[in-house]
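This is a predicted model, so every value here is computed, not measured. What's counted below: heavy atoms across the whole structure, side chains too, no hydrogens, waters or symmetry copies. Quick note on labels: first sequence line is chain A, next is B, and so on, each numbered from 1.
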Amino acid sequence: MFWNIYSKRVLYSLRSRDILIWTWIFPVMLATLFFATMSSIDESGQLSEISLGIVDNMSFREDPYLYSTLESIEGDNDDKLFTLTIIDNVPEADRILTDGVVDGYILFQPDPKLIVVEDGLNQTIIRSVLEHYQHTKNAVNDMLLMNNGDYEIVSSALQNINYTEEISLAGNPPTDKVNYYYALLAMICMYGSFQGLTSVTLLQANLSPLGARTTMSPVKRFKMILFDLFGGITVHFCCTLFSVAYIIFVLKINFGNKLWLVLLTCFIGCLLGVSFGSVISVMSKLKEQAKIAILICVSMVCSFLSGLMVTGINYTVMQEAPLVAWLNPAARITDAFYCLYYYDSYDRYLINIGIILIMVVVMFAITSVFIRRQRYESI
Amino acid sequence: MIEVKGLTKRYGDLVALDQFDLTVSEGEIFGLLGPNGSGKTTAINCMLSLLKYSTGEINLFGEPMKSESYHLKRRIGVVMQNVAVFNELTVFENIDYFCGLYVPAKSERRLLVEEAIEFTGLADFRKFLPKKLSGGLLRRLNIACGIAHKPELIFMDEPTVAVDPQSRNHILEGIRELNRNGSTIIYTSHYMEEVEQLCSRIMIMDKGKAVAVGTKEELKAMIREGEKLTIDIYDLPIFVLDDIKKLDGLFQVNYSDYRLTARCTISGHHLISILDILRKANVDFGHIFTEPPTLNDVFLEITGKELKD
């Protein structure tokens with residue numbers, strides 16, 4: 001009996017076009033889109049080497065600090081940010097600037113002045129560095145005057161000390177990128193609601209002819225829905241594993257070193273999604289397509305509030321409307337993933353899992369109360 | 001096998017079934033005939049304990065039928081008016097699923113499913129998805145899903161709606177065979193010809209009430225109307241028409257469009273008498289048609305409206 005209902009439900013889910021599109025294809029497309037978007041952001045954020053000329057004149061020789069400062073600035077991957085070229089005279093400097101050999105050149109008159117032919121990112125960076133140097137130089141001069149030329153005091157005052165460092169307690173590298181994928185996984189879990197919706201619609205006599213037909217069979221309703229939901233949960237968990245595998249192995253996103261717990265969280269998230277769909281389905285007599293639309297909207301809103309599209313929105317919601325944040329199933333799933341990635345303690349993770357399981361139990365309880373009814377006023 | 005007493009079902013102010021009584025014996029093909037909305041499907045859904053009802057008593061196999069009477073449900077097959085199959089499962093998988101709800105043993109089930117496929121003529125379509133089937137084949141699949149477990153009692157609710165004649169004949173022959181194999185069948189339809197051909201006893205329903213019950217002969221005997229006569233006549237003088245109208249046992253005698261029509265009472269045959277009058281008056285005539293009374297005539301006389309309304 002179990003295998004008959006379970007296996008047919010699995011087959012049904014694997015062949016259902018709606019389920020295929022929304023729970024298998026759409027999440028993978030979204031993950032790919034995230035990857036493409038974030039990759040281009042990364043690439044545009046990487047600094048290429050800036051070619052800078054300095055005209056060799058008397059003022060330049062009197063201020064050797066600028067040259068050494070520029071030479072010491074490092075860009076990404078510990079490479080030097082500036083490629084410096086000493087130019088003998090201004091006409092030569094103008095020529096190589098016009099030819100595009102350098103992004104700009106510095107002429108001491110006697111203060112350093114930047115000469116460029118166009119404005120762009122590189123020119124903005126040079127200008128910014130130059131201004132910072134000038135401000136610092138002026139500050140040093142003022143402090144030397146105030147401290148009677150005591151270099152030690154000035155040196156200690158100018159040290160740029162960073163008192164905070166972003167680290168992950170769980171030993172995983174801090175990154176915002178992974179949060180998007182966590183919110184995406186939460187959305188996939190929420191899409192388990194399609195499976196819950198299908199189970200109830202196919203088995204509830206007042207919702208479909210199939211429901212009426214199965215209600216007349218000699219199988220107890222509770223057994224019927226339970227076996228059917230097992231099938232739905234199995235397929236949806238496989239679908240979630242597929243998305244996780246795609247994100248990890250194809251997109252090369254690191255989900256940290258607690259992968260088994262990530263998978264367990266996915267499973268519990270799937271239970272939540274399926275129970276959510278079943279409760280929405282059982283409590284309303286709307287047409288199936290209308291219910292699907294509701295589930296998609298609710299899932300997307302919950303996922304949005306958990307940081308699917310805007311990073312940090314989950315923290316804002318937690319501050320401004322904590323009840324909404326705590327009751328948002330997608331936010332709980334996302335936060336559980338987040339805890340696994342960043343924390344070595346499981347306290348907050350377990351709180352999230354506890355809340356999710358309570359939601360699952362409540363929603364399945366409501367479903368079972370409705371589904372056990374077998375006689376209707378009308379069908 | 002089925003005993004229903006005083007069944008009343010209301011949808012708000014509308015009375016869908018009004019003190020409905022029904023008795024069906026083992027081995028019968030019992031027809032519920034009535035226009036759309038007469039309460040046939042409601043009666044079946046109440047008998048299957050799918051719908052709540054206001055008052056009444058329903059016994060199947062000598063026991064009260066309740067929603068949790070699983071041991072009774074196991075002996076029942078249902079073919080619903082709306083096709084109830086999974087569009088994502090093949091013909092074989094669908095039949096296997098529904099049969100599996102009644103027969104857990106896989107080996108036994110496999111044989112039953114194969115039999116049902118053969119019985120409904122779906123052998124060439126076993127791997128087809130329902131959306132690839134024609135309307136007639138889809139109805140056959142619906143039937144196969146309902147009867148694969150070889151139930152003792154089968155409810156068939158308008159199983160031939162929107163079916164082509166070939167599939168309809170196949171379905172009707174299949175139903176007769178199920179009955180010959182021992183199944184008692186409750187068959188609802190608004191197609192009177194089907195019910196007349198198939199059913200050993202018939203109940204005519206209207207507005208939630210049983211207006212007549214019996215064999216088709218018994219039903220037809222309830223009305224005064226016998227056969228209907230039609231004779232093609234090019235020219236019928238009025239005095240001849242008057243002579244015909246004077247014959248005993250004839251009523252509704254009319255002549256129009258070169259055609260004489262007359263309805264006879266159930267008591268006798270009047271064709272010879274009419275033809276004698278025509279011969280004596282030297283009136284030439286062409287084609288002659290006689291039609292026995294139909295269930296529609298029965299329904300018309302009892303309710304004052306056509307069954308097809």
Next item on the list: Could you tell me whether B/Tyr97 and B/Phe86 have their ring centroids closer than 6.0 angstrom?
Entry: yes
Notebook entry, point to check: Can you say whether B/Arg109 sits under 4.5 Å from chain A via the side chain, the backbone, both, or neither, judging by heavy atoms?
Noted result: side chain
Margin query: Centre-to-centre under 6.0 Å for A/Tyr182 and A/Phe255, is that the case here?
Written below: yes
Next item on the list: Go through the atoms of B/Val85 and report whether side chain, backbone, both or neither lie under 4.5 Å from a heavy atom of chain A.
Entry: backbone
Check: Ion pair present between B/Glu88 and A/Arg17, side-chain N to carboxylate O less than 4.0 angstrom?
Finding: no
Note to self: B/Thr41 and side-chain hydrogen bond (donor to acceptor under 3.5 Å, both in side chains): which single residue from B/Asn82, B/Thr188, B/Asp157, B/Asn36 fits?
What the structure shows: B/Asp157
Check: Can a cation-pi geometry be assigned to B/Arg168 and B/Tyr191, taking NZ or CZ under 6.0 Å from the six-membered ring centre and within 45° of the ring axis?
Finding: yes
Note to self: Shorter than 4.5 Å, heavy atoms on both sides: which option in B/Val78, B/Leu101, B/Asn94 has the most such pairs with chain A?
What the structure shows: B/Leu101
Note to self: Heavy-atom cut-off 4.5 Å, strictly under: side chain, backbone, both or neither for B/Val79 against chain A?
What the structure shows: neither
Next item on the list: Go through the atoms of B/Cys145 and report whether side chain, backbone, both or neither lie under 4.5 Å from a heavy atom of chain A.
Entry: backbone
Item checked: Atom group of B/Lys9 that falls short of 4.5 Å from chain A, counting heavy atoms -> side chain
Check: What part of B/Asp96 gets closer than 4.5 Å to chain A, counting heavy atoms only: side chain, backbone, both or neither?
Finding: both
Notebook entry, point to check: Considering only heavy atoms, which portion of B/Tyr53 lies under 4.5 Å from any heavy atom of chain A: side chain, backbone, both, or neither?
Noted result: both
Item checked: Residue pairs fulfilling salt bridge (charged side-chain N to carboxylate O under 4.0 Å, His left out) with at least one residue in residues 20-46 of chain B, sequence neighbours excluded -> B/Glu28-B/Arg201, B/Lys40-B/Glu158
Checklist line | Ring geometry between A/Phe227 and A/Phe230 (parallel below 30°, tilted from 30 to 60°, perpendicular above 60°) | finding: parallel
Next item on the list: Could you look at A/Ile5 and say if it's the side chain, the backbone, both or neither that has a heavy atom under 4.5 Å from chain B?
Entry: both
